[in-house]
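Note that these values count all heavy atoms, side chains included, but never hydrogens, waters or copies made by symmetry.
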Amino acid sequence: MTPAPPALVSVIGPVEPALLIAWTAHYRTLGITGFRLAFHFPDHVLSPWRHQLLATAAELGIAPVTVSAGPWHEHTNTELRDALREQAGPGWHLLADSDEFHTFPAPLEEVIATAEETGRAVVGGVMLDRAAADGRLAHWRPETGLDHVFPLGGHLTHRLLRGDPRKIVLAQPGIAVASGNHRAPGHKPDPDALACVHHFKWRAGVLEDLRRRVERFTCGGGWNGSPPASGPSRARPYGTRPGGYWTTSTGTTGASTSPTPAWSSAAWPWTVCRRAGRPRPAASSPGGGRLSRTATGSGARSARMGT
């Protein structure tokens with residue numbers, strides 16, 4: 001019996017409508033028909049932007065489960081995500097942020113069937129940060145496409161920001177998933193069947209967003225509310241090491257080769273991309289700056305929310 005398509009569960013922030021359109025089209029191509037979405041808008045987001053994004057969702061035939069506004073506390077995303085999962089009911093859940101485009105080593109129904117046959121309750125992935133060829137935080141246009149504007153892939157989140165590139169991309173209902181979808185305590189994905197999570201975070205405007213989060217999560221910033229019920233929050237500062245090496249990516253629509261690291265190993269072999277030359281630095285431009293060796297800030301708690 002062929003497994004039913006998973007429900008896509010995601011918390012959507014104030015992204016550009018074009019990204020929502022591309023993201024929805026990508027997952028519909030994978031066979032997703034059920035979208036369980038929550039839209040959350042921080043206080044700085046103006047009403048026209050909110051209305052435009054929600055109107056775009058309506059044009060796409062997606063009715064959000066909930067729409068909320070207010071501070072984006074450290075645990076906001078997790079609480080909204082878990083509420084969506086509880087309402088999604090039986091069947092697998094596909095977990096993807098709005099800037100994450102998953103590619104799988106086989107059709108989704110085969111990936112899920114294999115996981116069920118091997119007794120695994122989750123499927124894992126590894127995040128591949130996508131960047132412009134010259135390192136700029138570039139604008140992009142729908143007619144050009146994300147793959148064309150951001151052709152490089154590498155480990156920026158891990159090497160520069162010390163972020164965890166491991167992801168839980170599929171989970172059965174009732175399986176607890178940690179904040180950021182990085183782990184499922186007590187469950188290990190098959191290291192030989194990992195998805196590639198193409199991460200289109202490094203677009204024009206991201207630096208302003210990161211700076212705002214740094215300011216809000218520092219003392220007196222306004223978003224440093226009470227810690228989640230699971231325990232005290234820890235400040236995780238930005239790192240200062242340069243980003244990883246980069247190479248041309250196969251794209252989100254091509255045949256993507258997933259890495260096969262030992263999931264439980266402390267020594268993670270960062271080999272999603274073959275090693276190649278680093279992108280040549282480009283001068284800052286109206287395109288939105290460029291990727292830098294220097295961290296945006298230090299001591300910033302949860303400034304990487306959504307990665």
Check whether any side-chain heavy atom of Val177 sits under 4.5 Å from a side-chain heavy atom of His93, and report yes or no. no
Geometric class of the His75/His73 ring pair [parallel <30°, tilted 30-60°, perpendicular >60°]: parallel
Mutual orientation of the aromatic rings belonging to His198 and Phe200 [parallel < 30°, tilted 30-60°, perpendicular > 60°]: parallel
Show, in sequence, the C-alpha distance, side-chain angles and deciding distance for His102 and Leu170, and conclude whether the side-chain contact (heavy atoms from CB on, under 4.5 Å) test is met. CA-CA 10 Å; His102 299 172; Leu170 288 162; over 6 Å; no
Value rounded to 0.5 Å, distance of CE in Met127 from CG in Asn181: 10.5 Å
Please round to the nearest 0.5 Å and tell me the distance separating atom CG of Leu94 and atom CZ of Phe35. 9.5 Å
Sub-3.5 Å donor-acceptor pair from the side chain of His199 to the main-chain atoms of Asp99, do we have one? no
Do any N or O atoms from the side chain of Arg166 and from the backbone of Gly124 form a donor-acceptor pair under 3.5 angstrom? no
Is there a side-chain contact between Thr103 and His26, using heavy atoms and a 4.5 Å cut-off? yes
Rounded to the nearest 0.5 Å, what separates atom CG in Leu8 from atom CH2 in Trp92? 15.0 Å
Find the distance between SG (Cys196) and NZ (Lys167) and round it off to the nearest 0.5 Å. 13.0 Å
Just wondering, do Phe150 and Trp140 contact through their side chains at under 4.5 Å, heavy atoms? yes
Might you point out which heavy atoms bring Pro151 and Ala132 nearest each other, and give the distance in Å? CD-CA, 4.1 Å
At their closest point, which heavy atom of Leu20 faces which heavy atom of Leu53, and how far apart are they? CD2-CD1, 3.9 Å
Report the C-alpha distance between Trp202 and Thr157 in whole Å, list the side-chain angles of each, state the deciding distance to 0.1 Å, and finish with yes or no for side-chain contact (heavy atoms from CB on, under 4.5 Å). CA-CA 10 Å; Trp202 305 104; Thr157 297; 4.2 Å; yes
Steps toward side-chain contact (heavy atoms from CB on, under 4.5 Å) verdict (Trp23, Val15): CA-CA 11 Å; Trp23 182 83; Val15 300; over 6 Å; no
When every non-hydrogen atom of Gly31 is compared with those of Pro5, the smallest separation belongs to O-CB, 3.5 Å
State, with a plain yes or no, whether a side-chain heavy atom of Pro142 is found less than 4.5 Å away from one of Ile21. no
Can you tell me how far the CZ atom of Arg36 sits from the OG1 atom of Thr66, to the nearest 0.5 Å? 11.0 Å
Sub-4.5 Å side-chain heavy-atom contact between Thr76 and Val11: no
Closest contact, heavy atoms only, Pro6 versus Ile32: O-CD1, 3.4 Å
Approximate separation, where rounding is to 0.5 Å, of Glu100 CD and Tyr27 OH: 6.5 Å
N/O donor-acceptor pair under 3.5 Å between Asp129 side chain and Leu156 backbone: yes
Run the numbers on Leu19 and Leu146 for side-chain contact (heavy atoms from CB on, under 4.5 Å), then give the verdict. CA-CA 9 Å; Leu19 184 66; Leu146 289 162; 3.9 Å; yes
Looking only at non-hydrogen atoms, find the nearest pair between Ser10 and Ala96 and report the distance. OG-O, 2.7 Å
If every non-hydrogen atom of Ala121 is compared with every non-hydrogen atom of His187, which pair is closest and at what distance? CB-ND1, 3.9 Å
Would you mind listing every salt bridge (charged side-chain N to carboxylate O under 4.0 Å, His left out) that reaches into residues 82-96, with sequence neighbours excluded? none
